[in-house]
Amino acid sequence: MYDFKQIEKKWQKAWDDAHVFEAQDNSTKPKFFGLVEFPYPSGSGMHVGHIKAYSGLEVISRKKRMQGYNVLFPIGFDAFGLPTENSAIKFNTHPRILTDANIEKFTGQLKQVGFSFDWTRTIDTTDEAYYKWTQHIFLELFKNGLAFRDTALVNYCPHCKVVLSNEDSQGGKCDICHSDIVQKSKDVWYLRITKYADRLLEGLESVDYLPQVKQQQINWIGKSTGAFVNFKVSGTDEELRIYTTRPDTLFGVTFMVIAPEHPMLARCRDRITNFDALEAYREECAKKTEFQRTQLNKDKTGVKIEGICGINPLNNKEIPIYVADYVMMGYGTGAIMAVPAHDERDYEFAKKFGIDIIEVIKGGDISTEAYTGDGEMVNSEFLNGYDNKKDSIKRMIEYLEEKGIGEEGVQYKMKDWAFNRQRYWGEPIPIVHCEHCGMVPVPEEELPLRLPEVKNFEPGEGGESPLAKIPEFVNCKCPVCGKDAKRETDTMPQWAGSSWYFLRYVDPHNDKCLADPEKLKYWMPVDWYNGGMEHVTRHMIYSRFWHKFLYDMGEVNTEEPYAKRTAQGLILGPDGEKMSKSRGNVVDPNEVVEQYGADVLRTYILFMGDYGAAAPWDVNGIKGCKRFLDRVEALFAMAKDKGATPALEASFHKTVKKVTIDIEEMKFNTAIAAMMSLLNEIYDVGSITTDELKTLVLILCPFAPHICEELWERLGGEGLCSVAKWPEWDEAKCEDKTVEIAVQILGKLKGTVTVDVNADKDSVLNLVKNDPRFTPFIEGKTIVKEIFVPGKIVNIVVK
RNA sequence: GCACCUGUGGCGGAAUUGGCAGACGCGCCAGACUUAGGAUCUGGUGUCUUUGAUGUGCAGGUUCAACUCCUGUCAGGUGCACCA
């Protein structure tokens, strides 16, 4: 038992005073840039999940520092956003005041855990010296045509009163309040992320991300290849353009479907004889939330368009056109050719509406279900006889292009990024709307465009930003013509500030540019980025997009921002469920620090299981780690100055090796287990020297730095343990002289023999065959086979 | 529905990647020291019908040898979700 409270305070101060965790911009050492996702400073303070998220790279950074790296391990605060604004409204205060208080609270809590962050580089996305550069990047995007306004169906949260991006409304629920999203036609800002879709996809090949992370991004981008085909519409000049991934099945088309919102309907109004019915159907669909529309996938609905029909460009056959909400306006062209024989959805629709089903690929039984597999083409004129999907697709596309009725095409599921929120607590969008000049960027020298001080920042009922109610902010002069103009009043979404924050860490106080190119050149890319899986399809994709854009602008020097990406698993409540206030199973890290100390908290969080997997919190597990650190501390009383402990030499080398390698592979649980084993051995042997204990203290330091500093000092170690040299191991000394070999007869374990490490097959087999424990299994039988794996096993197969 | 991941003691989890399953920790049992123990220390602890057999969700298969590879299947988790 030791006084952890006093010790932890003492060494946290010592680290601050010695500036040991500050990164050097000019250094000849190799660099390591370790990045963790900066927290949103919420009012409820830190969660044990934050500690786990930061502890991984904390241990790696500390080890790298001890190994002689110049380490940049920064932290900051992603502080713009709705929760703070909502609680400011609730408590009738200002988000600035809340944000400052929350940041102070978080800072105190982070320091209390002893994280080795470089506190001189802390950033706050709501700081005007920071968001000046967020606005700068927005203007660059605008000037390059990548930020634009468009009126389209958007995801709208009626509760938060904001437009949400696709990424923020996954599953048809608002990411902030979990209300149902509704679709609404609105004039909003977009960032043209789709222009970078291919590069975001290709870039994944050059980075070291967890396979799940890559896969999720690939799925989110959702690239598909196929063809666009133009269908004439009878009695009109219309050409109905569709997208399909299966042009090979074009002879099997028996109807077409367009989305309820498809603009062709209005254009063909005069020819359509049931326009009212179609209009009624469209209105019915509009009432459904996105969620309902996608959940109702069992029963297909739709209305046939009367008065016009499509014409298959291959054979000029007339085919009916339907309006149905299983086709989305937001993907492809909002219109499809339907091949019921070979598409499940089309099949279901055709069955319900009694439409013909024509088989064009052999192999299934289309009287019972759609056949989506491969097979020989039939009923398809020039494609008949082909039996490979790839060949027939290629052949068909050639034909379409030759005849000028279609061409090869690519589609993405990813849509452009809806980039504005109608709320107060975000970066103002630096654009002026001028009657004469249109949308005009605020001149760079006027940045930052500050958020005005206001008393009332509640969102407007009509979906307008609170900023719209402030005449002094809204009314301005056009920067181009000087006439009266109005400012954009929407703000940027939560994800803006985090899309480039890692760049600012490199040069956080620069007021000339977002970061000095020389410093970027030295530090970038981020060597290792760890964070949660929940950010893989949002923050990760957004920031990769901004980074690639900045690379194209010449503002950064690497095409990809993150060389490596890992993710920690959740900490579940003691009941094995996800921690939540409503379940009442939330563990407060402060209480653990108070009761057991920061070292115990850190060690336990990394010991509780596989870092990448979810694991439930266990109060008794904490006690085990407490016991471990107490037993390490107690070794000091046992340590002798002179001599060595030969019995432990190999164990020390093995443990140093294992801990060094395991940390690098994020196998923190087995690294700690190895140190616990070593400790048990030390107690078994009953003696240890000062130098040996120093070695243990050094390798334990990244996990439990406070007690290690204390022991380091008591043992007479030079300087601070946190920056002392990481121990090395001697491979030769890791080898044991003898080894225990398992003896199997017919694959069944019968016992073990201890032999010299270098013992050869013959000598070991000889030993086994003459061992009375094994002779009964061999005598009187024929030996069919003898297997010998050096250092592991012998297996004698008898008959 | 599709994709990916995970199934190992009472619990969290190990297993050098095909070579002694259950490291390490928790819990539990017994003992020691104690006025006391939710402190500390020592020993034990997969299961069973215990000189042996059996065992990594389930059923098969490959192999001298399978938690590990293959086929099928069940269960749980995560993500996407009428994407044409």
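A note on names: the letters A, B, ... follow the listed sequences, proteins ahead of strands, and every chain is numbered from 1.
- Between A/Gln215 atom CD and B/rA3 atom C1' there is a gap of 7 Å when expressed in whole angstrom units.
- On the P atoms, B/rU63 is 36 Å away from B/rG12, given to the nearest whole Å.
- The interatomic distance linking A/Ile745 (CD1) with B/rA53 (P) rounds to 13 Å, in whole Å.
- Taking every side-chain heavy atom of A/Asp610 into account, B/rA14 is the closest of B/rG25, B/rA14, B/rA84.
- Look at the P atom in both B/rG22 and B/rU47: the space between them is 14 Å, to the nearest Å.
- Put simply, the side chain of A/Glu786 and the base of B/rC64 share no donor and acceptor less than 3.5 Å apart.
- With both pairing distances under 3.5 Å, B/rC48 is matched to B/rG52 as a Watson-Crick or G-U wobble pair.
- Using the six-membered ring where Trp is involved, A/His539 and A/His535 have ring planes that are perpendicular, over 60° apart on the 30 and 60° scheme.
- In a base pair of the Watson-Crick type (N1 to N3 plus N6-O4 or O6-N4) or a G-U wobble (N1-O2 and O6-N3), with each distance short of 3.5 Å, B/rC67 is matched with no nucleotide.
- Distance A/Met337 CE to B/rA84 P: 12 Å, rounded to the nearest Å.
- Along RNA chain B, the nucleotide closest to A/Gly747 and the one closest to A/Ala673 are compared, and the more 5′ of them pairs with A/Ala673.
- With a 3.5 Å ceiling on both atom-pair distances, the Watson-Crick or G-U wobble partner of B/rC11 is B/rG25.
- Proximity of A/Asn680 to the phosphate of B/rG25: a side-chain N or O atom is located under 4.0 Å from OP1 or OP2.
- Per the geometry, CG belonging to A/Leu679 stands 14 Å off C1' belonging to B/rC41, to the nearest Å.
- A/Glu740 comes within contact range of at least one nucleobase, with a heavy-atom separation under 4.0 Å.
- When all heavy atoms of A/Ile193 and A/Leu200 are compared, the closest pair comes out as CG1-CD1, 4.0 Å.
- Here A/Arg631 does not reach the OP1 or OP2 of B/rU40: none of its side-chain N or O atoms lies under 4.0 Å away.
- An anti orientation is assigned to B/rG46, its glycosidic angle lying beyond 90° of 0.
- Here B/rG19 presents its P atom at 15 Å from CD1 of A/Ile741, a figure rounded to the nearest Å.
- If you check every strand for non-hydrogen atoms under 4.0 Å, A/Val789 touches a base.
- As judged by a 4.0 angstrom heavy-atom cut-off over every strand, A/Asp343 is placed among residues making no nucleic acid contact.
- Base-pair partner of B/rG31: B/rC41 (Watson-Crick or G-U wobble, both distances under 3.5 Å).
- When the nearest nucleotides of RNA chain B are assigned to A/Gly609 and A/Gly751 by heavy-atom distance, the more 5′-ward of the two goes with A/Gly609.
- Contact of A/Lys792 with B/rU16 (side chain to base): a donor-acceptor pair of N or O atoms is detected under 3.5 Å.
- Taking the side chain of A/Tyr326 as heavy atoms from C-beta on, and the options B/rA23, B/rC64, B/rC82, the nearest nucleotide is B/rC82.
- A/Asp325 contributes no side-chain N or O that, together with a main-chain N or O of A/Cys285, makes up a donor-acceptor pair within less than 3.5 Å.
- Checking B/rC58 for Watson-Crick or G-U wobble geometry (two distances, each under 3.5 Å) identifies B/rG72 as its partner.
- We find that A/Arg241 and A/Glu407 are joined by a salt bridge, their nearest charged nitrogen and carboxylate oxygen being less than 4.0 Å apart.
- The partner of B/rG1 is B/rC80, by the rule that a Watson-Crick or G-U pair needs both atom distances under 3.5 Å.
- Contact annotation: A/Asn669 reaches the phosphate of B/rA14 (side-chain N/O to OP1 or OP2, under 4.0 Å).
- For A/Asp618, whose side chain is taken as the heavy atoms from C-beta onward, the closest listed nucleotide among B/rC64, B/rC26, B/rC20 is B/rC26.
- B/rU49 and B/rA65 have their P atoms separated by 30 Å, given to the nearest Å.
- Using N1 to N3 plus N6-O4 or O6-N4 for Watson-Crick, or N1-O2 and O6-N3 for G-U wobble, each under 3.5 Å, B/rA36 pairs with nothing.
- Rounded to the nearest Å, the gap between the P atom of B/rU56 and that of B/rC67 is 7 Å.
- With B/rA84, B/rG12, B/rC20 as the choices, the nucleotide that has an atom nearest any side-chain atom of A/Ala615 turns out to be B/rG12.
- A gap of 26 Å separates the C1' atoms of B/rC48 and B/rC74, to the nearest Å.
- Residue A/Thr752 is in base contact, counting any heavy-atom pair closer than 4.0 Å across all strands shown.
- Evaluation of atom-type donor-acceptor distances gives a pair under 3.5 Å for the side chain of A/Lys300 against the base of B/rC82.
- A/Lys223 has a carboxylate O that lies under 4.0 Å from a charged side-chain N of A/Asp198, or vice versa, which qualifies the two as a salt bridge.
- In this entry the base of B/rU40 is anti relative to its sugar, with a glycosidic angle more than 90° from 0.
- Applying the 3.5 Å distance criterion, the base of B/rC26 shares no donor-acceptor pair with the side chain of A/Asn620.
- At a threshold of 4.5 Å between non-hydrogen side-chain atoms, the residues A/Ile622 and A/Leu601 do not count as touching.
- Taking atom CG of residue A/Asn219 and atom C1' of nucleotide B/rC2, one finds them 9 Å apart after rounding to whole Å.
- Residue contacts for A/Ala613: at a heavy-atom cut-off of 4.0 Å it reaches no nucleic acid atom on any strand shown.
- B/rU47 adopts an anti glycosidic conformation, its chi angle falling more than 90° from 0.
- Of the side-chain N and O atoms in A/Arg627, one or more sit less than 4.0 angstrom from OP1 or OP2 of B/rU40.
- As rounded to whole Å, 13 Å separates atom P of B/rC64 from atom CD of A/Gln744.
- Residue A/Lys667 is classed as a sugar-phosphate contact, given heavy-atom separations below 4.0 Å to backbone atoms only.
- The local environment of NZ in A/Lys578 is sparse, with at most 12 non-hydrogen atoms from other residues, nucleotides or ligands closer than 6.0 Å.
- Straight-line distance between the P atoms of B/rG43 and B/rC24: roughly 12 Å, to the nearest whole Å.
- Going from atom CD1 of A/Ile793 over to atom P of B/rU63 covers 18 Å, rounded to whole Å.
- Candidate nucleotides B/rC20, B/rC24, B/rC64 were compared by shortest atom distance to the side chain of A/Ala742, and B/rC20 ranks first.
- Contact annotation: A/Tyr243 side-chain N/O to B/rA84 OP1/OP2 distance is not under 4.0 Å.
- With both ends at atom C1', the span from B/rU68 to B/rG55 equals 16 Å, rounded to whole Å.
- Remark: the A/Asp756 side chain and the A/Thr738 side chain contain no N/O donor-acceptor pair separated by less than 3.5 Å.
- Looking at A/Leu400 and A/Val229, their side chains come closer than 4.5 Å, going by heavy atoms from C-beta outward.
- Listed candidates were B/rU54, B/rC24, B/rA15. Nearest to the side chain of A/Lys748 is B/rU54.
- Two rings, from A/Tyr196 and A/Trp417, have their centers 6.0 Å or more apart.
- Remark: the separation of the P atoms in B/rC70 and B/rG18 is 11 Å, to the nearest Å.
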